[in-house]
Amino acid sequence: MQEKTLEDYLGKPEEKPQAPETPKTGDMEAWREKIRKHMAERLAPASDLAEAYLLSATYDGDKRCAVLKFYSPSDEQLYFWYDNTGHKPYCLTSLRPEELKNIPELMAHEGLEGFEQVEKLDPLIDRRVVVTRIVARDPLAIGGRPSGCIRDIIPRWKPEDASVKVWEADIKYYENYLYDRNLEVGMPYAIREEEIIPLESRLSSSLSEVEAAFAGESPEFFEYIKNWARLLECPVPKLRYAALDIEVESPTLDRVPSPQEALYRVICASLVASDSVKRVLLLRRGVVSEGSAELPSEARVEWYDDEKELLRQLFEILTDYPIVLTFNGDDFDLRYLHHRAERLGFAREDIPIELGRESALLRLSIHLDLYRFFFNRSIQVYAFDQKYREITLQEVASSLLGLGKLGLDRDVSRLSYMELAAYCLRDSELTYQLAALDDNLVLKLIIALSRIAKMPLEDVSRQGVSNWIRSMVYSEHRRRGILIPTSKEILAEKGVTATHSIIKGKKYRGAVVIEPRAGVNFNVIVLDFSSLYPSIIKRWNLSYETVRCPHEECKRNLIPETTHWVCTKKRGLTSLLIGSLRDLRVRWYKSKAKDPSVPPEVRSWYSAVQRTLKVILNAAYGVFGAEHFVLYCPPVAEATASVGRYAIQEVIEKAQDLGIEVIYGDTDSVFLKNPSEAQIRQLIEWSKDNLGMDLDVDKVYRYTVFSTRKKNYIGVYPTGNVDIKGLTGKKRNTPEFLKKAFADMVNILSQVETEDAFFNAKEKIKGIVKECYSRLKSKEYSLEDLAFTVVLGKSLEDYEKTTPQHVKALRELSKEDQEKIGAGSVVRYVKVRKDPWVKLLSQASLEEIDVNKYVEHIQTTFEQVLDALDISFEEIIGISKLESFLNF
DNA sequence: GCGGACTGCTTACCT
DNA sequence: ACAGGTAAGCAGTCCGCG
């Protein structure tokens with residue numbers, strides 16, 4: 001897959017490192033001149049561009065205008081385009097210009113530029129309204145400063161008058177710019193005579209094919225499909241990018257130097273780039289250590305006597321790459337470089353890094369911090385199918401790239417030059433490989449997201465799914481001239497819910513889970529609604545403005561089991577947006593991503609699009625029930641879940657009418673026991689006709705194993721592959737000895753082909769449990785095998801109400817050691833016979849293990865399956881006890 | 001003073 | 001900073017018990 005593995009870097013000790021070479025040290029002025037020249041060449045007005053992809057937008061505080069960053073594939077460079085349309089920051093208010101003139105504080109505001117009346121559609125009352133646009137000189141005048149912002153002055157004027165409103169005042173300026181000019185991030189443009197011209201670009205003739213596939217839809221809905229298809233059928237350019245990693249000298253072991261203080265020298269920097277460049281910048285500092293390590297032959301090592309010179313060179317290289325990737329560069333590498341450069345006397349303008357509160361951006365490139373991207377739960381779960389569990393470079397790389405771990409963890413300050421170079425280069429190589437993986441999947445996901453969310457690449461890679469959806473919906477409001485309501489306004493009308501949750505403290509009732517029929521069943525067919533919640537949002541016209549809409553005549557259009565009604569006069573915005581994305585995924589991208597007649601490059605893009613849509617669609621319902629979401633509207637979420645319950649219950653009833661036995665169901669799926677093909681057909685057809693929802697065959701199991709527990713089962717496919725859902729034996733925190741024994745049992749089950757074969761299998765399974773029990777009793781398992789592995793959910797001092805066992809184990813550590821352990825740390829502990837009853841793995845010995853406690857764990861782990869097989873745990877243990885007694 | 005019933009907290013999972 | 005529902009283990013509390 002990749003040309004070099006880590007093992008190639010190390011090992012083979014005798015080969016000589018390359019002869020050290022020292023680049024000429026230019027003075028600061030010459031360096032500045034070089035950068036200036038580079039920048040001049042990168043200005044888009046200076047060079048007309050035939051094809052350039054819009055990747056990012058930001059605000060230039062000096063020039064007081066928006067800047068766009070374009071990537072030109074022909075020369076693989078980034079170009080900058082400064083606004084020349086005179087677009088200005090603004091917000092909207094209900095007050096008329098005459099009224100605004102009565103507000104002295106506003107009129108005296110030095111950032112105030114002027115007023116302008118505009119017409120908008122107020123979606124909450126479904127009427128056109130005239131509002132005033134307050135135009136400002138710079139974004140901070142609208143909002144963002146701690147005091148004296150226009151958006152705060154207006155409501156202060158008549159605090160008692162609730163009808164005084166300010167809208168759209170908390171949108172970032174460059175977002176406003178993108179929305180207002182309908183600029184599409186990730187899409188190709190031509191730049192001619194300082195003008196930006198959208199280009200038509202598509203993957204062969206596929207667009208017309210897509211359109212043909214959706215011919216039956218309403219014209220309004222069809223427009224949405226067409227527009228998404230135009231965005232998603234556009235090819236992605238080949239991007240040039242570099243991955244960066246730095247190493248910093250550190251006086252103390254296992255303490256990461258603070259990037260705020262940047263007290264210690266940057267001793268190494270490395271880059272691995274898509275143009276096959278591998279560079280290592282090393283600081284000469286009288287290292288005596290002789291340890292050797294091998295670098296890849298194409299790696300270029302450069303030596304510096306002066307740290308400042310090293311940083312200058314590094315900044316120059318970074319400037320040359322359109323896209324720079326790091327793993328945790330926001331919090332460490334770039335932050336450290338910035339402060340270190342300051343400390344070394346660099347002028348602000350000579351440092352190409354802009355620090356935000358949580359981000360570190362490159363002024364002259366696009367910095368993507370892959371740590372932030374992989375940390376995103378939605379990306380982890382839906383784009384990467386939970387393939388990685390912990391978000392460290394090592395973990396993500398070893399899970400996704402299949403690289404083994406490498407344990408060269410010595411204090412970096414003590415490594416020899418070559419060891420240091422190899423160590424540093426390894427991390428940039430891993431970061432690079434993560435981006436390059438699967439034909440640049442990560443970058444494709446980010447670009448697909450940017451097209452859907454209308455968001456700069458930097459933001460897309462750092463923010464969460466609720467912000468992507470916010471930006472997508474905001475942009476749509478602007479495009480259609482719809483006023484974006486405030487959270488407060490939505491909540492005033494729509495803060496009510498009509499159902500009660502099962503879980504205490506939740507806001508409304510969610511999905512249903514059907515009580516499983518315990519036992520083993522052969523030939524189980526699983527039907528599920530494809531994208532249930534997005535389908536509901538589409539079909540029931542759900543959106544914050546359509547649920548509990550202002551029209552009297554819609555109030556009879558009630559949602560099952562609730563007091564909410566839905567608009568019958570207008571299609572809702574989110575219903576259109578989410579509905580069209582859903583249909584495109586289900587009816588186009590999902591199948592095309594696997595279609596062998598589609599060329600492989602296109603297929604790989606379709607696969608990225610398909611996953612991107614999955615990420616967005618999976619969250620589309622949840623965000624409306626999330627308090628912090630700008631369009632938070634609990635009735636939308638509640639209505640969605642309600643219709644979901646209604647749909648699955650109807651299907652179950654119909655299945656039973658058809659004489660099919662339903663053995664289980666969860667949210668959007670039903671497990672059917674040995675149905676005939678005709679029965680399945682009938683049920684699917686019935687759903688289409690009566691519910692208007694697509695029910696599909698999701699899985700066919702040779703057999704399933706259910707206990708009485710919900711969200712807990714084993715499903716064996718005809719191939720012998722096995723799904724294990726929710727069972728303790730598969731959970732991350734379960735001790736290894738149990739996981740292994742459990743896997744042995746699953747292996748037996750996977751080989752069972754007929755009901756008759758179960759007789760033998762059961763005996764083997766009893767044997768496995770017995771063996772596990774006796775090995776435990778005779779202390780044959782190692783401490784590691786017995787350890788529970790639990791993630792610390794919050795920092796240690798935040799456990800106030802109770803003291804869970806893993807916290808108890810940690811509290812035995814010294815104060816200093818405890819301080820090093822933060823939220824997200826992995827704790828490994830074992831259960832012991834004496835007082836605190838737990839001990840960290842590192843502090844325990846095999847003798848003190850509480851064997852009886854572990855027997856209980858064997859019991860609960862296996863009972864989840866034994867119950868279904870009608871085997872009793874006591875019986876197995878009884879036999880085992882007897883055997884050990886006889887042997888004794 | 002102890003044990004059982006109960007609630008709440010925590011983690012990991014399912015859809 | 002998507003949602004709610006479920007399982008399991010344990011911590012902590014309350015109550016009865018001559």
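Just so it is clear, the values below take in all heavy atoms, side chains as well, and ignore hydrogens, waters and symmetry mates. Throughout, protein chains are lettered first and strands after them, A, B, ... in sequence-line order, and every chain is numbered starting at 1.
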inquiry  = Restricting to non-hydrogen atoms, name the atom on A/K614 and the atom on A/Y382 that form the minimum distance, rounded to 0.1 Å.
reply    =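 Shortest heavy-atom separation between A/K614 and A/Y382 comes out as NZ-O, 3.4 Å.
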
Under 4.0 angstrom, heavy atoms only, what part of the nucleic acid is [X] near: base, sugar-phosphate, or nothing?
X: A/Q463; result: sugar-phosphate
X: A/K801; result: sugar-phosphate
X: A/R377; result: nothing
X: A/V791; result: sugar-phosphate
X: A/G510; result: sugar-phosphate
X: A/A637; result: nothing
X: A/R389; result: sugar-phosphate
X: A/F629; result: nothing
X: A/Q864; result: sugar-phosphate
X: A/Y664; result: nothing
X: A/Y799; result: sugar-phosphate
X: A/I503; result: base
X: A/D528; result: nothing

On the nucleotide [N], are OP1 or OP2 found under 4.0 Å from the side-chain N or O atoms that [X] carries?
X: A/S466; N: C/dC2; value: yes
X: A/K506; N: C/dC2; value: no
X: A/K725; N: B/dT15; value: yes
X: A/K730; N: B/dA12; value: no
X: A/K710; N: B/dT15; value: no
X: A/T667; N: C/dG4; value: no
X: A/K853; N: C/dG9; value: no
X: A/K731; N: C/dA7; value: no
X: A/R732; N: B/dA12; value: yes
X: A/R709; N: C/dA8; value: yes

message = Quick check with a 6.0 Å cut-off and a 45 degree axis cone: is A/K794 positioned over the face of A/Y799's six-membered ring?
response =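 Judged by the rule, A/K794 and A/Y799 form a cation-pi pair.
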
Within the 6.0 Å centroid threshold, strictly below: [X] and [Y]:
X: A/F384; Y: A/F374; result: yes
X: A/F629; Y: A/F624; result: yes
X: A/F671; Y: A/Y713; result: yes

Comparing A/T803 and A/K711 on DNA chain C - which has the more 5′ nearest nucleotide =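 Mapping each residue to its closest nucleotide by heavy atoms, the 5'-most match is A/K711.
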
message = Nearest to the side chain of A/T860, heavy atoms from C-beta on, is which of C/dA8, B/dT15, C/dC2?
response =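 The closest nucleotide is C/dA8.
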
query = Given B/dT10, B/dT15, C/dA3, which nucleotide is nearest the side-chain atoms of A/D668?
reply =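 Per side-chain heavy atoms of A/D668, the pick is B/dT15.
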
task = Evaluate the side-chain proximity of A/Y773 to A/V769: yes if any heavy-atom separation is below 4.5 Å, no if none is.
result =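 Contact flag for A/V769/A/Y773 side chains = no.
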
